Amino acid sequence: MITLEDKKLTFRFPDVHPKACLDISFLRTLRIPDDGETYPLPPGLDTFPLEHVDDHMSKVPGSWLKHGGVMLPMHQSEAMWIKFSSHQITERRQAYPFAIKIAAGKIDAVSGKPWTSTLNFDHQNYVVSPRQPWLDGFCVEEGTIRQFVAMPLGEGYTVEEQLVDGAYTGGLQIQVYPMKREAFEERYPEKQDPFLEQPYVFYSIVDTPKLSMGLGAGGKMKQEIKADPYEPEEWALETSSRCFVHLANSQAWQAITGSKPPTKPLSAAQYSDHKLPWFDHYSEGPNVTCMDILSGVKSVNEIAETKGLTLLENDSVDVDRVIKLRSKYDTDQVREGEF
Amino acid sequence: MATQFGQFLRQRREELKETDSSYSLRRVAEKIGIEPSYLSKIERGIEKSPSEHVVNQLAAILGEDPDVLLAMAGKISTDLAEIIQKRPQVFAELIRAAKNLPDQSVLRVVREVRDGDW
(Lines give C-alpha, C1' and ligand atoms only; values in the text may rest on other atoms or scores of the structure.)
Protein backbone atom coordinates (compact mmCIF):
# COMPACT_ATOMS: atom_id res chain seq x y z
CA MET A 1 0.00 0.00 0.00
CA ILE A 2 1.15 3.52 -0.76
CA THR A 3 0.21 6.62 1.19
CA LEU A 4 1.08 10.25 0.67
CA GLU A 5 2.54 11.59 3.88
CA ASP A 6 3.87 15.13 4.09
CA LYS A 7 5.69 15.44 0.75
CA LYS A 8 6.74 11.83 0.57
CA LEU A 9 5.35 8.58 -0.75
CA THR A 10 5.34 5.86 1.89
CA PHE A 11 5.30 2.28 0.64
CA ARG A 12 4.26 -0.30 3.24
CA PHE A 13 3.99 -4.05 2.88
CA PRO A 14 2.24 -5.23 6.06
CA ASP A 15 1.51 -8.59 4.45
CA VAL A 16 5.25 -9.22 4.07
CA HIS A 17 6.59 -7.65 7.27
CA PRO A 18 4.78 -5.30 9.66
CA LYS A 19 7.66 -2.83 9.56
CA ALA A 20 8.60 -3.06 5.87
CA CYS A 21 8.39 0.61 5.01
CA LEU A 22 10.08 2.77 2.38
CA ASP A 23 9.77 6.54 1.94
CA ILE A 24 10.40 8.06 -1.47
CA SER A 25 10.67 11.82 -1.83
CA PHE A 26 11.52 14.08 -4.73
CA LEU A 27 14.04 16.83 -4.14
CA ARG A 28 14.70 20.03 -5.96
CA THR A 29 18.25 20.77 -6.92
CA LEU A 30 20.25 22.94 -9.23
CA ARG A 31 20.61 21.84 -12.79
CA ILE A 32 24.23 20.98 -13.42
CA PRO A 33 25.72 22.40 -16.63
CA ASP A 34 25.19 20.27 -19.70
CA ASP A 35 28.65 20.98 -21.10
CA GLY A 36 30.28 17.57 -21.52
CA GLU A 37 31.96 17.74 -18.11
CA THR A 38 31.10 15.30 -15.34
CA TYR A 39 30.08 17.08 -12.14
CA PRO A 40 29.89 15.90 -8.54
CA LEU A 41 26.58 15.60 -6.69
CA PRO A 42 24.66 18.85 -6.37
CA PRO A 43 22.87 19.53 -3.08
CA GLY A 44 19.27 18.83 -2.19
CA LEU A 45 17.50 22.19 -1.95
CA ASP A 46 14.05 21.29 -0.72
CA THR A 47 11.32 18.76 -1.30
CA PHE A 48 8.76 19.04 -4.09
CA PRO A 49 5.17 19.24 -2.87
CA LEU A 50 3.02 16.23 -3.77
CA GLU A 51 -0.75 16.05 -4.22
CA HIS A 52 -3.17 13.26 -5.01
CA VAL A 53 -4.30 13.53 -8.63
CA ASP A 54 -7.79 12.56 -7.43
CA ASP A 55 -7.98 15.71 -5.30
CA HIS A 56 -8.03 17.81 -8.46
CA MET A 57 -10.27 15.73 -10.67
CA SER A 58 -11.94 18.66 -12.34
CA LYS A 59 -8.70 20.35 -13.31
CA VAL A 60 -6.28 17.68 -14.43
CA PRO A 61 -6.20 15.93 -17.80
CA GLY A 62 -8.15 12.75 -18.29
CA SER A 63 -4.98 10.77 -18.89
CA TRP A 64 -3.73 11.73 -15.44
CA LEU A 65 -6.89 10.41 -13.82
CA LYS A 66 -6.53 7.23 -15.83
CA HIS A 67 -2.96 6.77 -14.59
CA GLY A 68 -3.90 7.60 -10.99
CA GLY A 69 -1.14 8.43 -8.53
CA VAL A 70 0.21 11.79 -7.45
CA MET A 71 1.55 14.94 -9.05
CA LEU A 72 4.26 17.52 -8.40
CA PRO A 73 5.16 20.86 -10.00
CA MET A 74 8.35 21.44 -11.98
CA HIS A 75 9.65 24.46 -13.80
CA GLN A 76 10.80 23.90 -17.34
CA SER A 77 14.43 22.70 -17.33
CA GLU A 78 14.38 22.24 -13.56
CA ALA A 79 16.29 19.25 -12.17
CA MET A 80 15.25 16.74 -9.53
CA TRP A 81 16.60 13.79 -7.62
CA ILE A 82 14.80 10.97 -5.94
CA LYS A 83 15.58 10.03 -2.36
CA PHE A 84 15.00 6.54 -0.95
CA SER A 85 14.69 6.09 2.82
CA SER A 86 14.13 2.56 4.00
CA HIS A 87 12.96 2.37 7.60
CA GLN A 88 15.29 0.84 10.13
CA ILE A 89 14.16 -2.39 11.78
CA THR A 90 15.50 -1.56 15.21
CA GLU A 91 15.75 -5.07 16.61
CA ARG A 92 17.85 -6.20 13.65
CA ARG A 93 19.89 -3.02 13.24
CA GLN A 94 19.14 -3.04 9.54
CA ALA A 95 16.98 -1.03 7.19
CA TYR A 96 14.49 -3.24 5.36
CA PRO A 97 15.69 -3.93 1.78
CA PHE A 98 13.60 -2.94 -1.24
CA ALA A 99 14.11 -3.29 -4.98
CA ILE A 100 12.90 -0.14 -6.72
CA LYS A 101 12.16 0.29 -10.40
CA ILE A 102 12.20 3.88 -11.63
CA ALA A 103 11.08 4.91 -15.09
CA ALA A 104 10.59 8.29 -16.77
CA GLY A 105 7.97 8.28 -19.49
CA LYS A 106 7.92 4.50 -19.09
CA ILE A 107 11.60 4.29 -20.03
CA ASP A 108 13.57 2.49 -17.36
CA ALA A 109 16.09 4.96 -15.90
CA VAL A 110 18.64 2.24 -15.16
CA SER A 111 18.46 0.05 -18.28
CA GLY A 112 16.88 2.41 -20.85
CA LYS A 113 14.43 -0.33 -21.85
CA PRO A 114 10.66 0.16 -22.09
CA TRP A 115 8.78 -0.26 -18.84
CA THR A 116 8.01 -3.76 -17.60
CA SER A 117 6.62 -4.73 -14.24
CA THR A 118 9.36 -7.25 -13.56
CA LEU A 119 12.82 -7.21 -12.07
CA ASN A 120 15.52 -8.28 -14.51
CA PHE A 121 18.25 -10.16 -12.68
CA ASP A 122 20.47 -10.59 -15.77
CA HIS A 123 20.68 -6.89 -16.63
CA GLN A 124 19.67 -5.09 -13.45
CA ASN A 125 16.84 -2.65 -14.10
CA TYR A 126 16.28 -1.46 -10.54
CA VAL A 127 18.07 0.02 -7.57
CA VAL A 128 18.26 -1.46 -4.08
CA SER A 129 17.53 0.54 -0.94
CA PRO A 130 19.17 1.13 1.53
CA ARG A 131 22.31 0.50 -0.54
CA GLN A 132 21.28 3.14 -3.08
CA PRO A 133 20.35 6.31 -1.18
CA TRP A 134 19.25 8.32 -4.20
CA LEU A 135 18.96 8.48 -7.96
CA ASP A 136 19.64 11.70 -9.83
CA GLY A 137 19.15 10.69 -13.43
CA PHE A 138 19.46 8.20 -16.25
CA CYS A 139 22.34 5.73 -16.01
CA VAL A 140 24.44 6.45 -19.13
CA GLU A 141 27.64 4.63 -18.26
CA GLU A 142 29.08 2.88 -15.23
CA GLY A 143 29.43 5.45 -12.48
CA THR A 144 27.83 8.26 -14.50
CA ILE A 145 24.26 9.46 -14.86
CA ARG A 146 22.63 12.26 -16.83
CA GLN A 147 20.53 14.42 -14.58
CA PHE A 148 16.71 14.28 -14.63
CA VAL A 149 15.62 17.56 -16.21
CA ALA A 150 11.95 18.47 -16.75
CA MET A 151 10.95 19.44 -20.26
CA PRO A 152 7.55 19.86 -21.89
CA LEU A 153 6.29 16.77 -23.64
CA GLY A 154 5.89 16.92 -27.38
CA GLU A 155 8.94 19.01 -28.22
CA GLY A 156 11.41 16.17 -28.58
CA TYR A 157 13.54 16.84 -25.51
CA THR A 158 12.59 13.96 -23.26
CA VAL A 159 14.34 10.62 -23.25
CA GLU A 160 11.12 8.76 -24.03
CA GLU A 161 10.53 10.86 -27.13
CA GLN A 162 13.94 9.78 -28.40
CA LEU A 163 13.40 6.10 -27.73
CA VAL A 164 9.69 5.50 -28.35
CA ASP A 165 7.46 6.31 -31.28
CA GLY A 166 3.88 7.32 -30.77
CA ALA A 167 1.99 8.69 -27.79
CA TYR A 168 4.08 9.96 -24.92
CA THR A 169 3.48 9.17 -21.29
CA GLY A 170 5.61 11.67 -19.36
CA GLY A 171 5.94 11.63 -15.59
CA LEU A 172 7.73 9.13 -13.42
CA GLN A 173 6.76 5.55 -12.75
CA ILE A 174 7.84 3.76 -9.61
CA GLN A 175 7.41 0.15 -8.55
CA VAL A 176 8.69 -1.22 -5.26
CA TYR A 177 9.32 -4.83 -4.24
CA PRO A 178 10.13 -5.74 -0.63
CA MET A 179 12.52 -8.47 0.37
CA LYS A 180 10.83 -11.65 1.59
CA ARG A 181 10.49 -11.69 5.35
CA GLU A 182 12.20 -15.10 5.71
CA ALA A 183 15.16 -13.91 3.64
CA PHE A 184 15.44 -10.68 5.64
CA GLU A 185 15.28 -12.43 9.01
CA GLU A 186 17.78 -15.06 7.95
CA ARG A 187 20.26 -12.49 6.69
CA TYR A 188 19.82 -10.09 9.58
CA PRO A 189 19.27 -12.00 12.83
CA GLU A 190 17.60 -10.23 15.69
CA LYS A 191 19.97 -8.32 17.95
CA GLN A 192 19.41 -8.07 21.65
CA ASP A 193 16.95 -5.27 22.24
CA PRO A 194 14.65 -4.19 25.08
CA PHE A 195 11.87 -3.91 23.06
CA LEU A 196 -14.66 4.63 -5.66
CA GLU A 197 -15.00 5.46 -7.93
CA GLN A 198 -16.38 8.95 -8.89
CA PRO A 199 -17.51 10.23 -12.24
CA TYR A 200 -14.77 12.23 -13.88
CA VAL A 201 -15.71 15.74 -14.91
CA PHE A 202 -13.46 17.62 -17.25
CA TYR A 203 -13.43 21.36 -17.47
CA SER A 204 -11.24 23.87 -19.17
CA ILE A 205 -7.82 22.31 -18.96
CA VAL A 206 -7.09 19.93 -21.78
CA ASP A 207 -4.19 17.54 -21.92
CA THR A 208 -1.83 19.71 -23.87
CA PRO A 209 1.87 18.94 -23.92
CA LYS A 210 2.47 22.26 -22.15
CA LEU A 211 0.92 21.00 -18.93
CA SER A 212 2.49 17.56 -18.79
CA MET A 213 6.21 17.38 -18.34
CA GLY A 214 8.59 14.53 -19.03
CA LEU A 215 12.20 14.06 -18.11
CA GLY A 216 15.06 14.76 -20.43
CA ALA A 217 18.74 13.94 -19.95
CA GLY A 218 20.67 16.82 -18.42
CA GLY A 219 24.34 17.27 -17.64
CA LYS A 220 26.59 14.40 -16.62
CA MET A 221 27.13 13.59 -12.98
CA LYS A 222 29.26 11.10 -11.13
CA GLN A 223 26.90 8.60 -9.52
CA GLU A 224 27.12 4.88 -9.05
CA ILE A 225 24.14 2.60 -9.46
CA LYS A 226 24.97 -0.13 -7.01
CA ALA A 227 24.50 -3.76 -8.05
CA ASP A 228 21.93 -5.84 -6.17
CA PRO A 229 23.82 -7.62 -3.34
CA TYR A 230 20.99 -10.11 -2.75
CA GLU A 231 19.85 -13.29 -4.50
CA PRO A 232 16.84 -13.17 -6.88
CA GLU A 233 14.85 -15.61 -4.76
CA GLU A 234 15.10 -13.27 -1.77
CA TRP A 235 12.77 -10.69 -3.36
CA ALA A 236 9.00 -10.97 -2.84
CA LEU A 237 8.26 -10.74 -6.55
CA GLU A 238 4.57 -11.42 -6.13
CA THR A 239 4.17 -8.44 -3.78
CA SER A 240 4.81 -5.00 -5.19
CA SER A 241 3.26 -1.53 -5.16
CA ARG A 242 3.51 1.01 -7.89
CA CYS A 243 2.80 4.70 -8.31
CA PHE A 244 2.56 7.11 -11.23
CA VAL A 245 4.06 10.53 -10.45
CA HIS A 246 2.79 13.19 -12.84
CA LEU A 247 5.00 16.18 -13.49
CA ALA A 248 2.93 19.33 -13.83
CA ASN A 249 4.36 22.42 -15.43
CA SER A 250 4.74 24.79 -12.49
CA GLN A 251 2.79 27.47 -14.34
CA ALA A 252 -0.23 25.18 -14.38
CA TRP A 253 0.21 24.00 -10.77
CA GLN A 254 -1.47 27.02 -9.22
CA ALA A 255 -4.42 26.75 -11.60
CA ILE A 256 -4.84 23.09 -10.67
CA THR A 257 -4.22 23.18 -6.94
CA GLY A 258 -4.66 26.80 -5.90
CA SER A 259 -1.22 26.65 -4.27
CA LYS A 260 1.83 28.51 -5.46
CA PRO A 261 4.57 26.26 -6.84
CA PRO A 262 8.07 26.60 -5.39
CA THR A 263 10.14 29.39 -6.87
CA LYS A 264 12.82 28.60 -9.41
CA PRO A 265 15.88 27.06 -7.80
CA LEU A 266 19.34 28.60 -7.85
CA SER A 267 21.39 28.12 -10.97
CA ALA A 268 24.60 26.10 -10.76
CA ALA A 269 26.58 29.31 -11.36
CA GLN A 270 24.81 31.16 -8.52
CA TYR A 271 25.41 28.21 -6.28
CA SER A 272 29.11 27.98 -7.04
CA ASP A 273 29.54 31.77 -6.86
CA HIS A 274 28.46 31.56 -3.23
CA LYS A 275 31.13 28.89 -2.63
CA LEU A 276 28.46 26.44 -1.50
CA PRO A 277 29.47 22.79 -1.39
CA TRP A 278 29.02 19.96 -3.83
CA PHE A 279 29.12 16.36 -2.75
CA ASP A 280 30.91 13.14 -3.55
CA HIS A 281 29.55 9.79 -2.49
CA TYR A 282 31.42 6.55 -2.74
CA SER A 283 30.46 3.16 -1.47
CA GLU A 284 32.09 -0.19 -1.92
CA GLY A 285 30.77 -3.05 -3.99
CA PRO A 286 30.10 -3.53 -7.71
CA ASN A 287 28.08 -1.13 -9.83
CA VAL A 288 25.51 -1.77 -12.50
CA THR A 289 27.00 -1.60 -15.97
CA CYS A 290 24.68 0.63 -17.91
CA MET A 291 23.38 -0.53 -21.26
CA ASP A 292 24.10 1.31 -24.49
CA ILE A 293 20.53 2.48 -24.95
CA LEU A 294 20.80 5.42 -22.58
CA SER A 295 24.41 6.31 -23.37
CA GLY A 296 23.21 7.18 -26.87
CA VAL A 297 20.41 9.58 -25.94
CA LYS A 298 20.90 13.25 -26.68
CA SER A 299 20.95 15.66 -23.80
CA VAL A 300 18.48 18.51 -23.47
CA ASN A 301 21.17 21.00 -24.46
CA GLU A 302 22.22 19.01 -27.52
CA ILE A 303 18.61 18.90 -28.71
CA ALA A 304 18.17 22.63 -28.03
CA GLU A 305 21.24 23.33 -30.17
CA THR A 306 19.86 21.31 -33.08
CA LYS A 307 16.78 23.54 -32.88
CA GLY A 308 18.95 26.65 -32.91
CA LEU A 309 17.94 27.37 -29.32
CA THR A 310 20.02 28.09 -26.26
CA LEU A 311 19.48 26.42 -22.92
CA LEU A 312 19.48 29.18 -20.34
CA GLU A 313 21.85 29.13 -17.38
CA ASN A 314 24.06 26.42 -18.80
CA ASP A 315 27.45 28.05 -18.25
CA SER A 316 30.19 25.76 -17.00
CA VAL A 317 31.03 26.23 -13.34
CA ASP A 318 34.12 25.70 -11.24
CA VAL A 319 33.57 23.27 -8.44
CA ASP A 320 35.69 24.44 -5.52
CA ARG A 321 34.25 22.65 -2.54
CA VAL A 322 33.37 18.98 -2.62
CA ILE A 323 32.25 17.33 0.59
CA LYS A 324 32.85 13.60 0.69
CA LEU A 325 29.94 11.67 2.08
CA ARG A 326 30.92 8.66 4.10
CA SER A 327 30.78 5.36 2.31
CA LYS A 328 28.18 3.78 4.54
CA TYR A 329 25.33 6.14 3.90
CA ASP A 330 23.05 6.75 6.79
CA THR A 331 19.55 7.89 5.93
CA ASP A 332 20.02 10.87 8.24
CA GLN A 333 23.16 11.95 6.48
CA VAL A 334 22.56 15.28 4.90
CA ARG A 335 23.32 16.07 1.31
CA GLU A 336 22.11 19.57 1.87
CA GLY A 337 23.98 22.74 2.52
CA GLU A 338 23.01 25.52 4.87
CA PHE A 339 21.13 28.10 2.88
CA MET B 1 5.43 4.90 31.79
CA ALA B 2 8.01 7.68 32.03
CA THR B 3 10.41 5.29 33.79
CA GLN B 4 10.05 2.77 30.97
CA PHE B 5 10.68 5.63 28.55
CA GLY B 6 13.84 6.65 30.40
CA GLN B 7 15.11 3.08 30.58
CA PHE B 8 14.52 2.61 26.87
CA LEU B 9 16.36 5.83 26.04
CA ARG B 10 19.36 4.92 28.14
CA GLN B 11 19.55 1.37 26.79
CA ARG B 12 19.29 2.53 23.18
CA ARG B 13 21.85 5.31 23.68
CA GLU B 14 24.30 3.00 25.44
CA GLU B 15 24.00 0.47 22.62
CA LEU B 16 24.80 3.13 20.04
CA LYS B 17 27.65 4.42 22.20
CA GLU B 18 29.37 1.03 22.00
CA THR B 19 30.23 1.73 18.37
CA ASP B 20 30.06 5.54 18.32
CA SER B 21 31.29 7.74 21.16
CA SER B 22 29.10 10.62 20.00
CA TYR B 23 26.25 8.87 21.81
CA SER B 24 27.68 9.68 25.23
CA LEU B 25 25.26 11.32 27.64
CA ARG B 26 27.12 14.61 27.41
CA ARG B 27 27.32 14.74 23.62
CA VAL B 28 23.70 13.71 23.05
CA ALA B 29 22.61 16.40 25.52
CA GLU B 30 24.78 18.94 23.69
CA LYS B 31 23.20 18.06 20.36
CA ILE B 32 19.76 18.67 21.79
CA GLY B 33 20.77 21.77 23.69
CA ILE B 34 19.94 20.52 27.17
CA GLU B 35 22.07 19.98 30.23
CA PRO B 36 23.59 16.49 30.61
CA SER B 37 22.15 16.37 34.13
CA TYR B 38 18.66 16.94 32.68
CA LEU B 39 19.09 14.11 30.17
CA SER B 40 20.35 11.92 32.96
CA LYS B 41 17.21 12.69 34.97
CA ILE B 42 15.04 11.80 31.96
CA GLU B 43 16.87 8.50 31.54
CA ARG B 44 16.50 7.66 35.23
CA GLY B 45 12.79 8.51 35.21
CA ILE B 46 13.24 11.41 37.65
CA GLU B 47 12.23 13.95 35.03
CA LYS B 48 8.93 12.50 33.90
CA SER B 49 7.72 15.06 31.41
CA PRO B 50 10.30 16.23 28.89
CA SER B 51 8.87 18.50 26.22
CA GLU B 52 7.63 17.21 22.90
CA HIS B 53 10.49 19.07 21.24
CA VAL B 54 13.09 17.25 23.35
CA VAL B 55 11.46 13.86 22.74
CA ASN B 56 11.36 14.49 18.99
CA GLN B 57 15.02 15.44 18.98
CA LEU B 58 15.93 12.35 20.98
CA ALA B 59 13.98 10.22 18.49
CA ALA B 60 15.87 11.78 15.58
CA ILE B 61 19.28 11.25 17.19
CA LEU B 62 18.58 7.70 18.34
CA GLY B 63 16.89 6.67 15.09
CA GLU B 64 13.56 5.92 16.73
CA ASP B 65 10.01 6.68 15.64
CA PRO B 66 8.99 9.98 17.31
CA ASP B 67 5.37 8.89 17.75
CA VAL B 68 6.49 5.72 19.53
CA LEU B 69 8.83 7.64 21.85
CA LEU B 70 6.16 10.24 22.58
CA ALA B 71 3.72 7.46 23.45
CA MET B 72 6.31 5.91 25.77
CA ALA B 73 6.65 9.30 27.43
CA GLY B 74 2.89 9.43 27.86
CA LYS B 75 2.40 12.13 25.24
CA ILE B 76 0.73 12.61 21.90
CA SER B 77 2.20 14.81 19.21
CA THR B 78 0.77 18.29 18.76
CA ASP B 79 -0.19 17.68 15.15
CA LEU B 80 -2.18 14.57 16.09
CA ALA B 81 -3.89 16.45 18.91
CA GLU B 82 -4.82 19.23 16.50
CA ILE B 83 -6.24 16.74 14.00
CA ILE B 84 -8.47 15.23 16.70
CA GLN B 85 -9.47 18.62 18.10
CA LYS B 86 -10.61 19.81 14.67
CA ARG B 87 -13.03 16.87 14.23
CA PRO B 88 -13.30 15.34 17.71
CA GLN B 89 -16.43 13.26 17.17
CA VAL B 90 -15.41 11.52 13.99
CA PHE B 91 -11.85 10.78 15.14
CA ALA B 92 -12.92 9.69 18.61
CA GLU B 93 -15.37 7.29 17.00
CA LEU B 94 -12.76 6.07 14.53
CA ILE B 95 -10.11 5.47 17.18
CA ARG B 96 -12.51 3.67 19.52
CA ALA B 97 -13.82 1.53 16.68
CA ALA B 98 -10.30 0.65 15.57
CA LYS B 99 -8.75 0.10 18.99
CA ASN B 100 -8.82 -3.71 18.81
CA LEU B 101 -8.15 -4.09 15.12
CA PRO B 102 -4.85 -5.67 14.05
CA ASP B 103 -2.27 -3.26 12.61
CA GLN B 104 -2.85 -4.41 9.05
CA SER B 105 -6.55 -3.61 9.26
CA VAL B 106 -5.90 -0.19 10.76
CA LEU B 107 -3.45 0.64 7.99
CA ARG B 108 -6.08 -0.25 5.42
CA VAL B 109 -8.24 2.57 6.78
CA VAL B 110 -5.74 5.19 5.63
CA ARG B 111 -6.04 6.75 2.27
CA GLU B 112 -3.94 5.01 -0.33
CA VAL B 113 -2.50 6.55 -3.43
CA ARG B 114 -4.73 5.24 -6.20
CA ASP B 115 -3.07 3.22 -8.92
CA GLY B 116 -4.61 3.40 -12.35
CA ASP B 117 -4.08 2.08 -15.82
CA TRP B 118 -0.69 3.05 -17.29
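Every chain is numbered from 1, with letters handed out A, B, ... down the list of sequences. Hydrogens, waters and symmetry mates are skipped; everything else that's a heavy atom, side chains included, is used. All values reported here derive from a predicted model rather than from experimental measurement.
Across A/R242, A/H52, A/H67, A/Q173, the residue that shares the most heavy-atom pairs under 4.5 angstrom with chain B is A/R242.
B/E35 CD: 12 or fewer foreign heavy atoms inside a 6.0 Å radius. For NZ of A/K7, the number of neighbouring non-hydrogen atoms (other residues, nucleotides, ligands) closer than 6.0 Å is greater than 12. Heavy-atom contacts from other residues, nucleotides or ligands closer than 6.0 Å to CD of B/Q89 number 12 or fewer. Within 6.0 Å of the CD atom in B/E93, the count of heavy atoms belonging to other residues, nucleotides or ligands does not exceed 12.
Across every non-hydrogen atom of B/R12 and A/T90, the tightest pair is NE-CG2, 4.0 Å.
Residue A/K19 holds its NZ atom at 9.5 Å from CG of B/D65, rounded to the nearest 0.5 Å. Rounding to the nearest 0.5 Å gives a distance of 12.5 Å between CG of B/L62 and CD of A/Q88. Going from atom OG of A/S63 over to atom CG of B/D117 covers 11.5 Å, rounded to the nearest 0.5 Å.
For A/A99, the side chain to side chain contact (heavy atoms under 4.5 Å, CB included) partners two or more places apart in sequence, or in a different chain, are A/L119, A/Y126, A/Y177, A/W235.
A perpendicular orientation is assigned to the rings of A/F244 and B/W118, their planes being inclined by more than 60° (bins at 30° and 60°).
B/V113 pairs with exactly one of A/V245, A/L9, A/T3 by the side chain to side chain contact (heavy atoms under 4.5 Å, CB included) rule, that one being A/L9.
Between the B/R111 side chain and the A/L4 main chain, no donor and acceptor come within less than 3.5 Å of each other.
Residues A/I2 and B/E112 fail the side-chain proximity criterion, which asks for heavy atoms closer than 4.5 Å.
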